[in-house]
Each structure stands twice: as C-alpha cells, then as structure tokens.
Amino acid sequence: MNFPITIKNVLPNNEFLLMHEELQDWVFTNRSQKNEDMSRVFFGQTNNFGRMLYYRAATTILLKIKKHLREDLRLIRIHSNGSLFGCYPEFHIDFKEACNCFTFVLFSNTKWDTNWGGEFITCDPVTSEYRYVPYIPNCGALIPSHWEHSGTAPLTSHAGLRTSVAFVFALVSSLPVLLQENPRSSLYL
C-alpha cells in the first residue's frame, strides 16, 4: 500500500465546523508520548476522553480508512495539535511497528492558504523518502503509526494557529501486543 493515503472532505461540513469550534481551548504542555522529554512540547488539548465530538469524527474516519486498509480496527488514541509561526515541531512516531497501528491526521482549520505552509511530512522507513501532504482544511493523511512524521509550523504569523487532530487506530488482531506495550490505550477500548 502506498502511504500516506490522503482523504478529502473527511467530515460532513456541520461536523467539521463543530470540530473547529471545539479546538479553541489550548495548552502549551502537550506531548505525543508521556515519557518524552520537554523538547517536544507543543500546543494541545487536555481531557479529550470526554468530548463526544471527537468520537463521532473518529467513527466517520474509521469507516473511510477501512475502505483502504480492509482490516478490523479499534480507536486507541485521539490527539490534538496546534502550532504557530516560529514553532519547531519534531519528527516522532506514535507507536512501535509491533503494535500495528495507523494514524490519521485531520487538518482542522476552516481556512488555510497553502502559501502559509503547514504541510504534513512523513518518512517511509523502507525507502527513506520524505512524503508531503499539503494542509487543506477538512482533508487528512493516513500513515502507519511507526512512520516518523511531523506537521510543519506556519510560515507566517498571518496564518495564526495551525490545528490538527490525530486519530490512532489499532488492528484488532494486535490489541494484546499494543496493550502490553501501552496500557493507557485501554482507556479507549
């Protein structure tokens, strides 16, 4: 399969606008993994577990990515991200390869000019090639979660906050390995 897989018009317009409204509350202490050092701190949200809007979006996304993966999947993480001009996001992975997880990143700004940057970048671990997906509202990119990836910061302060929401899904057949490696993932199951 050729990753990243891009999907356009991910959410219905009314759900996408609600998601944008939901992404107004930010803190500057977010990390992809709890054990990471502070060099990877960026804007994010807390307490995504209680926000039903995210779960509704995850259901829509799950159905769309199942068309490509043709696997039984379960949601295991929802992670919001925000960056401003001058931020330095770093490449990271979400889960080890053995966990068999897939990350879908939803570009959640309602307005964006591609001249502002903000693209999603991932590195194919087999070919070491970088692959880019432009930041286009209500579109997204799907990759294996063990691929290194990053969202670039805006190139100008006029862009404001670049937001995205990552939804991570695991193959049902790999849940025992995933839960052994990442016990917190049981919160979503």
Original post:
Do the side chain of T156 and the main chain of H158 share a donor and acceptor less than 3.5 angstrom apart?
Top reply: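 Yes, T156 side chain to H158 backbone: donor-acceptor pair under 3.5 Å.
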
Original post:
Ignoring hydrogens and geometry, is there a side-chain-to-backbone donor-acceptor pair from N9 to C139 under 3.5 Å?
Top reply: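 No.
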
With the 4.5 Å side-chain cut-off for hydrophobic clustering, are [X] and [Y] part of the same group?
X    : Y    : value
W147 : I5   : yes
L161 : L155 : no
V172 : I76  : yes

Please name the pair of heavy atoms, one in [X] and one in [Y], separated by the smallest distance, quoted to 0.1 Å.
X    : Y    : answer
F167 : L106 : CE1-CB, 4.2 Å
S150 : P89  : OG-CB, 3.5 Å
M1   : H68  : CE-O, 3.0 Å
S174 : N100 : OG-ND2, 2.7 Å
A141 : P4   : CB-CB, 4.3 Å
H92  : E90  : ND1-O, 3.3 Å

List for me each residue that meets side chain to side chain contact (heavy atoms under 4.5 Å, CB included) alongside [X], sequence neighbours excluded, and say none if there are none.
X    : value
L62  : K66, L73, F169
T110 : F16, L17, H20
P134 : I136
E97  : H146

Roughly how far, to the nearest 0.5 Å, is [atom2] of [Y] from [atom1] of [X]?
X    : Y    : atom1 : atom2 : answer
N109 : T163 : CG    : OG1   : 4.0 Å
C99  : L179 : SG    : CG    : 9.0 Å
E15  : R56  : CD    : CZ    : 5.0 Å
I93  : I143 : CD1   : CD1   : 10.0 Å
I65  : E71  : CD1   : CD    : 11.0 Å
L175 : Q180 : CG    : CD    : 13.0 Å

Does the side chain of [Y] come within less than 4.5 Å of [X]'s, by heavy atoms?
X    : Y    : value
C101 : L178 : yes
Y55  : I78  : yes
V165 : H79  : no
K96  : E181 : yes
F3   : P144 : yes
S173 : D72  : no
Y135 : R162 : yes

Going by ring-ring contact (aromatic ring centres under 6.0 Å, His included), name the residues that satisfy it together with [X], two or more places apart in sequence or in a different chain.
X    : value
F120 : H149
Y130 : F91
Y132 : none
W116 : W112

**OP:** Could you point out which residue of I7, V105, T6, L69 forms a side chain to side chain contact (heavy atoms under 4.5 Å, CB included) with L142?
**Re:**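 Among I7, V105, T6, L69, the one meeting side chain to side chain contact (heavy atoms under 4.5 Å, CB included) with L142 is L69.
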
Subject >> Residues in side-chain hydrogen bond (donor to acceptor under 3.5 Å, both in side chains) contact with N115, at least two apart in sequence or another chain >> reply: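 Residues passing side-chain hydrogen bond (donor to acceptor under 3.5 Å, both in side chains) with N115: D113.
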
Original post:
Under the side-chain hydrogen bond (donor to acceptor under 3.5 Å, both in side chains) test, which residues partner S145, sequence neighbours left out?
Top reply: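 With neighbours one apart ignored, the set is T103.
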
**OP:** For S108 and S164, run side chain to side chain donor-acceptor pair (under 3.5 Å): C-alpha distance rounded to whole Å, both residues' side-chain angles, the deciding distance at 0.1 Å, then the answer.
**Re:** CA-CA 5 Å; S108 52; S164 62; 5.8 Å; no

**OP:** Count the heavy atoms of every other residue, nucleotide or ligand shown that sit under 6.0 Å from CG of N14, and state whether that count exceeds 12.
**Re:**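 Buried by this count: over 12 neighbours within 6.0 Å.
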
**OP:** With sequence neighbours excluded, give me every salt bridge (charged side-chain N to carboxylate O under 4.0 Å, His left out) pair touching residues 166-175.
**Re:**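 Residue pairs passing salt bridge (charged side-chain N to carboxylate O under 4.0 Å, His left out), neighbours aside: none found.
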
Original post:
Does any pair with a residue in residues 119-145 pass salt bridge (charged side-chain N to carboxylate O under 4.0 Å, His left out), and if so which ones, sequence neighbours excluded?
Top reply: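 As it turns out, the salt bridge (charged side-chain N to carboxylate O under 4.0 Å, His left out) pairs with a partner in residues 119-145, which skip direct neighbours, are D124-R131.
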
**OP:** Would you check, one step at a time, whether the test side chain to side chain contact (heavy atoms under 4.5 Å, CB included) holds for V168 with L75?
**Re:** CA-CA 6 Å; V168 182; L75 176 69; 6.0 Å; no

